[in-house]
Amino acid sequence: MANLQMTGILEKMTGKDKDYRYMATSDLLNELNKEGFKADTDLEIKLSNIVLQQLDDVAGDVSGLAVKCVKKLPLELLLPVSRVLMRGLFFLHSCNMDIVTSEGLNLAWLLPCGCPVYMRSFKCEQQEGKEDEGDANLAPLVKKVSEARVVEMTNKLCEKLLHGKDQHRDIASIALKTIASEVTAISLAQSILVTLSPQLIKGITSPVSSKYNVSRSCHLEVSSPLLHNFLLHSFLPQGMSTEIKCECLDILCDVLHKFGNLMANDHELLLNALLSQLNSNQATVRKRTVSCIASLASSLSDDLLGKVTVEVVRKLRTKGAKPEMIRTNIQMIGALRSNFVLLRVNHWHYKIRAVGYRFGPHLGDTVPVLINYCTSASENDEELREYGLQALESFLLRCPRDIYSYCDEILHLALEYLSYDPNFTDNMEEDTDDESHEEEEDEYVFKKCIFVIHINMLPELAINLFNPVVVCSESENEYTDDEDVSWKVRRAAAKCLAALIVSRPEVLAKLYEEACPKLIDRFKEREENVKMDVFNTFIELLRQTGNVTKGKIDMNESRQVSGRVIAFKSTLRACIETKWSVIDINGPRWLLKQEVPKIVKSINRQLREKSIKTKVGAFSVLRELVVVLPDCLSEQIGSLIPGIEKALNDKSSTSNLKIEALTFTRLVLASHSPPVFHPYIKALSSPVLSAVGERYYKVTAEALRVCGELVRVVRPDIQGFGFDFKPYVRPIYNAIMSRLTNQDQDQEVKECAISCMGLVISTFGDNLKTELPVCLPVLVDRMGNEITRLTAVKAFAVIATSPLQIDLSCVLENVIAELTAFLRKANRALRQATLGTLNYLIVAYGDQIGSSAYEVIIVELSTLISDSDLHMAALALELCCTLMTDRKSSPNVGLAVRNKVLPQALTLIKSPLLQGQALLALRNFFAALVYSANTSFDTLLDSLLSSAKPAPQSGGVAKKALHSIAQCVAVLCLAAGDLKCSSTVDMLTEILKDDSSTNSAKQHLALLCLGEIGRRKDLSLHANIETIIIESFQSPFEEIKSAASYALGNIAVSNLSKYLPFILDQIDNQQKKQYLLLHSLKEVIVRQSVDKAEFQDSIVEKILKLLFNHCESDEEGVRNVVAECLGKIALVEPAKLVPALKVRTTSPAAFTRATVVIAVKYSIVERPEKIDEIIYPEISSFLMLIKDHDRHVRRAAILALSTFAHNKPNLIKGLLPELLPLLYDQTIVKQELIRTVDLGPFKHIVDDGLELRKAAFECVDTLLDSCLDQVNPSSFIVPYLKSGLDDHYDVKMPCHLILTKLADKCPSAVLAVLDSLVDPLQKTINFKPKQVAVKQEVDRNEDMIRSALRAIASLNRLSGGDCSLKFKNLMSEISKSPTLWDKYYSIRNE
């Protein structure tokens, strides 16, 4: 039935009546768009022929509708006079005149909708923007007909393109592009390319007939690109070769971009054809050729890519070459290396795919040539300099590793041209905006005139086109700003410098010394677009500083500098009082701080400019400065206040400017000391409060956030000494209250108003006593709204913690009721906030809350205590403790806790997941229960001990759970008093005396309990307890021996004088028990180092002698315990330990060298310690053992380096240039460490270097967090990270983490080598374990796939990641696999 209907439609399409043809064509388009449409073979042939025939229909509306199957091309009326009209219009356009017909109709609108010539000129630009409506409308035809029909259509369209009429050429070109874009099947693409490629090559290589070459036959100088384009296309007879070349090059660019890899056999032929066109005299041909070669380059072999580069460089080195040819070749180099570089040439936009890191080896030939052209170009050839700097920018971003040796030259070049302005000298006045512009106005007599042209005048106008008479003023030959294009050079230099900053984090200090002052100076740039690029470049410098110094405190500002003499030791001692121990002499943060006065001075000048865009950029710089360097504007804040006021008060200010100004104000208020702002509160508060009343919700919301910070600044403490805050209380309250009571506003504004009002009440409540009954009910009302209740709950938490003890009597009962109901809600964030708020309210207002409300809360809390959400359980237990310890708490409360909460707590304590804050809360809960009137100690103790009994159906209790139970027992005993504690210890020792092997679980728990109690209380009154514990060393169960070792060490902590000598004697005399006794000693030493308690000198000497004797033990476990003991003693006695450890770094025994390095690792903790100052000069002695010939020593050095990088990065920064290459070398698979073990029936391969490589990659991962400014990511990714991604499972996992971090912190370095990273990732996600693999192997493979997908997700977030065809194919493969896509989707949404 469908085919019969289609036959009728096709018959009407060939009728004589154009109305029938139009309606039939419309019906055809509707049919093609239907999902279920399918035609048989005969109908396909007929359909394809008729659609192609319709393209030549004499009726414009019919052919225009037919084009929708190919590409919607606006072919309207006026085709008979289009060429005449174009001639006149293009001439007038070159004179910058407005064109109006005698009927008052502006003819300019006819250009884009009536002329095929215009479409040819601008179609590249249209492709860059939003697609035409018809773009998707050839898709129905291409997808609904068979492969043979599509190939046939392609052949006919090629014929129309090369030999058809002029008005049909654009239609054929766009149709071919649409076919190329819609074809997805590889087989169909190959069939089309067999026909299409030779035709396109023929069109490209056909010679240009000189008979029609306008540029040779006409000697008219043309300054307008549009007029030049018109002359090239509009006066030529139909079929002119130059136009065909341009169309063919456009189509070929699209084809190569999508199917370049399928055309490998034609690559050399295509390359030769395209290279020959770089010599064309036609600029349009050369520019399109550049885009084609760049698209082809991504799929070229290395040899052919080298051929392109050699050829282009050869042309650049040719002396006497024309400037336009030089510019084309420089563009060619930049396009080859760009990562989706957007080339805008006159009115064409091209997107060009990158060749990736493969271009790196050719930089040695190209970069010197580019630098030479930039420096030697004539003064008037700014375009050449611009293209050269753009190419260098591209190299910096995409070849960061290979361009490393040229960075200094490029930096100096960029800085030189950043201020390149030959037409403007430093002694000229900057404020030229007020000068008269009369000369510009007089440049052309008719520049501002409106010419009225009757349609009948067009032929005459066309005849006189080649003899234009332009009446000019006497100042025609004088220089004007319109002729100055030096700003393009400055813009290119700024972007080149930004690329250098982004790609080279390790040279930040040098950039601050050389580039930062120049950038600050260029804030005065007179061209606004360039000024924005200068701002952006400086912001990149600030952001990079933030990235590499994130979380670090640079203490350089605390140095005392007299000339070049630095009081190092005194500064070091000052640093030890902070988290970071050593000063980086040229730290980026300190260097930045020295420039702050200059930055502020220059920015203030920009804030006085009239341009809104300039002021927005200035505030963006200030905002980033405060983020990177908090508290840096204390001395300059007064000079910035007028700029903030003006931005907020000026009627001409836009919303963007106000938002930027408010954001900066909020950040600066939050990051500086309140007294800094007190002299300026009056000036600040007025515009901020006015902004609260703005209509645009984003401005209002930001103004409310600023009000919150303003409240803290106005009254930083309750006393408020030194500043009178009272005049500001009512204005702030009134401004916020007006927003709080307004229901008809954006949610963001509502939430900000609620939060701000909470701060106002908390801070000014004692001065708002009459207003509280009005505003507090409003906040309660907001708690009843699902959208705002979370914010309202948090606001009441702020009010409850106020030291002013705000009177909440009017709303307290309602608040408690609402909060109790929220504990049943599914919203996790709401429940957490509710628990915290209830806790604060009960602490502050418990005497005003009835016990019945407590009981209701306890019932709700019992449902929240489980190991499924430990954070929630901790908050619930803390609230329980608060309820039980409240003075007004009734006996019923304790009873409710015992009946409802205690069973849940006893279940939670058996969880192996219990740790951290939840375990601490549980310990406090049992201690609080002892004091409850309705709960006895014996009952609680029995309940705890019984919880350790294994349930018949669930097996034994986890080891971690036994430790949790033991801690709770210890806390319970201490809370109950000495008598209960002593009886409990006696009971536990009796359990140990029972040597029944069936009682192992009770003995295990008893030992752990004794250890926990002994650590908190001296047990020396219990005779021979140490002997009873040490007898458990004979147990056949390993867990009991380990628990006994733990218990012995912990009871010694409370009485060193009695138990430590006992342990040392046992180590000397009991050889078989040495390992366990060393663990006991470790417990003692670790606890002493934490408590900062010192040993007696004689004890230290004895311990050291014993430990050093065990450094060479064959057992790795013993060596590790010895190393930890040495490291922890070093924290207590660093002056003795550090020299002793250093001496042993040269020991002939490899195990000794490894042990002392691991000991140093244990001595480096995050908090400041005395050892930091002592060990700093000796660090290299330990870390340089990474060069040791023994793999155990090398691994120990890597682990120590990783610990230094994590805890004290400033201690090792000076050594990293030497250490990093050695560290990278340890990531390589070394064949000498791989051995084969013969196991009889089969052989097993053992890789002894696996742990070494894993440790090395983990160390790099740590360095990326703490020392990014010392790491060159480009030199690490290839080959080291690339090899790690294809290594063993244990190595791949840290490599995936590293890749994720690099994608976030150093995206340009990753993008440069993205193609090379795809293969190992693809191999990982497609790996299938063997069918006989055990469950552990299957689970491990699943974890590895998820890890790889997590890295892929981070790569997919990169801007420009789609430049890699390999990566696009990988993402396509993932999306087509349901299993992989489900995993990827869940990871992406984590």
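Since we're looking at a predicted model, the values are computed, not measured. We number each residue from 1, following the sequence as shown.
- Remark: Asp1190 does not engage Arg1194 in a salt bridge, criterion side-chain N to carboxylate O under 4.0 Å.
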The test is side chain to side chain contact (heavy atoms under 4.5 Å, CB included); show your working for Leu1137 and Leu1104 and say whether it passes.
CA-CA 9 Å; Leu1137 262 294; Leu1104 291 182; 3.6 Å; yes

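- A salt bridge is absent between Arg1235 and Asp1247: the closest approach of a Lys/Arg side-chain nitrogen to an acidic carboxylate oxygen does not fall below 4.0 angstrom.
- Considering all non-hydrogen atoms of both residues, Leu1078 and Cys1125 come closest at O-SG, 4.2 Å.
- At a threshold of 4.0 Å, the pair Arg824-Glu860 counts as salt-bridged, since one of the basic side-chain nitrogens sits closer than that to a carboxylate oxygen.
- Partner of Ile1030 under the side-chain contact (heavy atoms from CB on, under 4.5 Å) criterion, out of Leu1077, Asn1024, Ile1025: Leu1077 alone.
- A salt bridge does not link Asp1290 with Arg1253: none of the charged nitrogens is closer than 4.0 Å to a carboxylate oxygen.
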Next item on the list: I would like to know whether Lys1128 and Lys1082 meet side chain to side chain contact (heavy atoms under 4.5 Å, CB included); could you show each step before the answer?
Entry: CA-CA 8 Å; Lys1128 297 307 178 182; Lys1082 183 196 76 171; over 6 Å; no

Go through the steps to decide whether Tyr1046 and His963 satisfy the test ring-ring contact (aromatic ring centres under 6.0 Å, His included), and finish with yes or no.
-> CA-CA 11 Å; Tyr1046 175 82; His963 280 272; 5.6 Å; yes

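- For Asp867 and Ser911, the side-chain atoms include at least one donor-acceptor pair closer than 3.5 Å.
- Residues Ser1057 and Asn1055 have side chains that bring a donor and an acceptor to within less than 3.5 angstrom of each other.
- Side-chain N or O atoms of Ser1147 include none that pairs as donor or acceptor with a backbone N or O of Arg1144 at under 3.5 Å.
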**Asked** Can you list the steps and then say if Thr1155 with Phe1108 is a side chain to side chain contact (heavy atoms under 4.5 Å, CB included)?
**Response** CA-CA 9 Å; Thr1155 302; Phe1108 283 133; over 6 Å; no

Check the pair Glu1012 / Arg1015 against salt bridge (Lys or Arg N to Asp or Glu O under 4.0 Å), numbers first and verdict last. CA-CA 5 Å; Glu1012 292 295 339; Arg1015 182 161 64 87; 2.9 Å; yes

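- Residue Gln1074 is tested with Gln1066, Glu1115, His1110 for a side-chain hydrogen bond (donor to acceptor under 3.5 Å, both in side chains); the sole match is His1110.
- There is no side-chain donor-acceptor pair under 3.5 Å between Ser936 and Asp938.
- Salt bridge Asp1065/Lys1102: present, at least one basic N to carboxylate O contact under 4.0 Å.
- A donor and an acceptor atom, one from each side chain of His1079 and Ser1045, are nowhere located under 3.5 Å apart.
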Salt bridge (Lys or Arg N to Asp or Glu O under 4.0 Å) evaluation trace for Arg1167 with Glu1169
CA-CA 6 Å; Arg1167 62 183 181 274; Glu1169 295 287 350; 2.5 Å; yes

